[in-house]
There are 2 protein chains.
Amino acid sequence: MTTPRAPEGYDPYAFAPFAVTVDLAVLTLREERLHVLLVERGQEPYAGAWALPGGFVLPRESAEAAARRELAEETGLSEATVAGLHLEQLRTYTEPDRDPRMRVVSVAFTALVPDPPEPRGGGDAAQARWIPYGTHGHLAFDHDRILADAHERVGAKLEYTCLATAFCPPEFTLGELRQVYETVWGVELDRPNFRRKVLTTPGFVQAVEGPPRLTGGRGKPAALYRAGEATTLHPPLLRPEGRPA
Amino acid sequence: MTTPRAPEGYDPYAFAPFAVTVDLAVLTLREERLHVLLVERGQEPYAGAWALPGGFVLPRESAEAAARRELAEETGLSEATVAGLHLEQLRTYTEPDRDPRMRVVSVAFTALVPDPPEPRGGGDAAQARWIPYGTHGHLAFDHDRILADAHERVGAKLEYTCLATAFCPPEFTLGELRQVYETVWGVELDRPNFRRKVLTTPGFVQAVEGPPRLTGGRGKPAALYRAGEATTLHPPLLRPEGRPA
DNA sequence: TCCTTAAGAGTCATATTGACTATAAAGGCT
DNA sequence: AGCCTTTATAGTCAATATGACTCTTAAGGA
């Protein structure tokens, strides 16, 4: 009846103080596999377990700023580089017992990184490493859930946005772009059909002028493309089989 | 350098306490228009302005539980009814100055309500009302942004999920379902094509047996349907014109 | 030189959509 | 009663988009 209603009637005793953190699901492609940046915990609880990188939101900082700061710290990338990366709020995790020590609300972000650098080991006893997605056991806290949510979200957004280019360097081949879809979705796509779809979607990619070709390894050299101005795909590029689960 | 890293090294002085609230964008359809549930603020700041309903998250409560509790309080619907409504986390708003008094992080939710009841006036001086979307002026705090984000999200999810049925009562006609799309998107849809799409999408709706028809007003009586078991639409039901903006 | 790998150009059948036409079945009016 | 308006529902047809393939080109490796 007299439960506090916000934003009227701020009573200093009407709310409990919460700690607010950010957790990052940092994804990248290495050697045709999806990898996640994980840190090994040095302290209890969950000492020795792997966890998503993250940290406290500072008193005068937004969650997004905190996430970018942590991302730079954990990956060793410069602030300027990190400023250009795709970083997106995923969801906020608020279960009262998600941290056994105290009430912590965590704003989770998904970050996509092309060309992953080796992470610098954390200043503490913890190490940070790129781990192939799915090969880590159970993560600390509710990070299994966060990571699964991130993977699902990224997979879904590949269908109807141009997100895939965020996994690629500034210039890329259509083969590399197709690899993104195949790796995240775990399926094989038909090359000619994928090519047709990408090239006929206005604004998805734009051809790079100049030396029109580049050879990476085996096979015929491929043309290079840059990300276009479009952000959404209409019509979408749907996964095979239909169901997005 | 020695910025606190979570989840290791919890230092009680390493983080500032935040207040955590929920804000609700409660949407419904009344008389072929999209309406949003707003409360009038009785106190400073923004006294007299309209705002989204919301309130503090209690010490042992998840944000989702807080949102459902607030939703029941503001709409006057029973807890059992509210338990069945579509409630979905939208995004978390964390700008340091979003509340001029103190640091408040707000987890925003979108709720969809069929058959809207008149809201009960709040216990305080504030009143709660259904307002046609777009006819409210500027809302308090960053609630303009939250409401716009909610509208955009709902519009996008209509394309590739079965969300539209959440706006409808348990049994509805295809005309009512089409109204949802037309109202949220602000477009007119071709009746026969819409019908074909809905009926050929497996699991979107299921025909109601028994008295196969019901008359609401003018025109030929329409058959009744219930929401099906499907949650996603494959292929999606895209907005006309392409662009989702 | 031959084999393998991948890019890139096409073809063809099918599936899905968008634009329309037509009929049916109600209520409101005159 | 007779007509007009409104909405539901059944179809048709052409334009698109997609999925499954084939074929050629241009590398690298053995």
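Below, chains carry the letters A, B, ... as their sequence lines are ordered, and counting in each starts from 1.
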Check the pair Arg98(A) / Ile146(A) against side chain to side chain contact (heavy atoms under 4.5 Å, CB included), numbers first and verdict last. CA-CA 12 Å; Arg98(A) 56 181 298 280; Ile146(A) 298 176; 4.3 Å; yes
Rounded to whole angstrom units, what separation is found between the [atom1] atom of [X] and the [atom2] atom of [N]?
| X | N | atom1 | atom2 | result |
| --- | --- | --- | --- | --- |
| Glu32(B) | dT6(D) | CD | P | 13 Å |
| Gln179(B) | dT7(D) | CD | P | 9 Å |
| Leu174(A) | dG8(C) | CG | C1' | 9 Å |
| Leu189(B) | dT7(D) | CG | P | 14 Å |
| Phe194(B) | dA10(D) | CZ | C1' | 17 Å |
| Leu199(A) | dT18(D) | CG | P | 13 Å |
| Glu176(B) | dT7(D) | CD | C1' | 12 Å |
| Glu188(A) | dA20(D) | CD | P | 13 Å |

Nearest listed nucleotide, side chain of Pro221(B), among dA25(C), dG11(D), dA6(C): dA25(C)
For the side chain of Lys220(B), counting heavy atoms from C-beta on, which of dA20(D), dA6(C), dT9(D) is nearest? dT9(D)
Could you list the residues that satisfy side chain to side chain donor-acceptor pair (under 3.5 Å) with Arg91(B), not counting sequence neighbours? none
Taking the ring centre of each residue, are His151(A) and Tyr133(A) less than 6.0 Å apart? yes
Side chain to side chain contact (heavy atoms under 4.5 Å, CB included) assessment of Lys197(A) paired with Phe204(A): CA-CA 10 Å; Lys197(A) 175 66 181 176; Phe204(A) 194 174; over 6 Å; no
Give the C-alpha distance, both sets of side-chain angles, the deciding distance and a yes or no for ring-ring contact (aromatic ring centres under 6.0 Å, His included) between Tyr225(B) and Phe172(B). CA-CA 5 Å; Tyr225(B) 295 85; Phe172(B) 51 86; 7.2 Å; no
Using only side-chain N and O atoms of Arg191(A), determine if any of them is under 4.0 Å from OP1 or OP2 of dG8(C). no
Under 4.0 Å: is that the gap between some side-chain N or O of Arg218(A) and OP1 or OP2 of dA6(C)? no
Do the charged groups of Arg153(A) and Asp149(A) touch, with an N to O distance under 4.0 Å? no
Could you check whether Glu88(A) pairs with Lys157(A) (Lys NZ or Arg NE/NH1/NH2 to Asp/Glu carboxylate O, under 4.0 Å)? yes
Compute the bend angle of the helix from dT1(C)-dA30(D) to dT30(C)-dA1(D) from the end axes (five pairs per end), rounded to 10°. 0°
Whether Tyr181(A) and Trp185(A) hold their rings parallel, tilted or perpendicular, with breakpoints at 30° and 60°: perpendicular
Map Arg178(B) and Asp190(B) onto DNA chain D by nearest heavy atom, then report which one ends up closer to the 5' terminus. Arg178(B)
Could you walk me through whether Arg178(A) and Asp190(A) pass the side chain to side chain contact (heavy atoms under 4.5 Å, CB included) check? CA-CA 9 Å; Arg178(A) 185 170 42 78; Asp190(A) 180 83; over 6 Å; no
Can you tabulate the close N/O pairs, meaning under 3.5 Å, that link protein atoms to atoms of nucleotides 16-18 of chain C?
from    : atom 1 : to        : atom 2 : distance (Å)
dT17(C) : OP1    : Lys197(B) : NZ     : 2.9
dG18(C) : N7     : Arg196(B) : NH2    : 2.8
dG18(C) : O6     : Arg196(B) : NH1    : 2.9

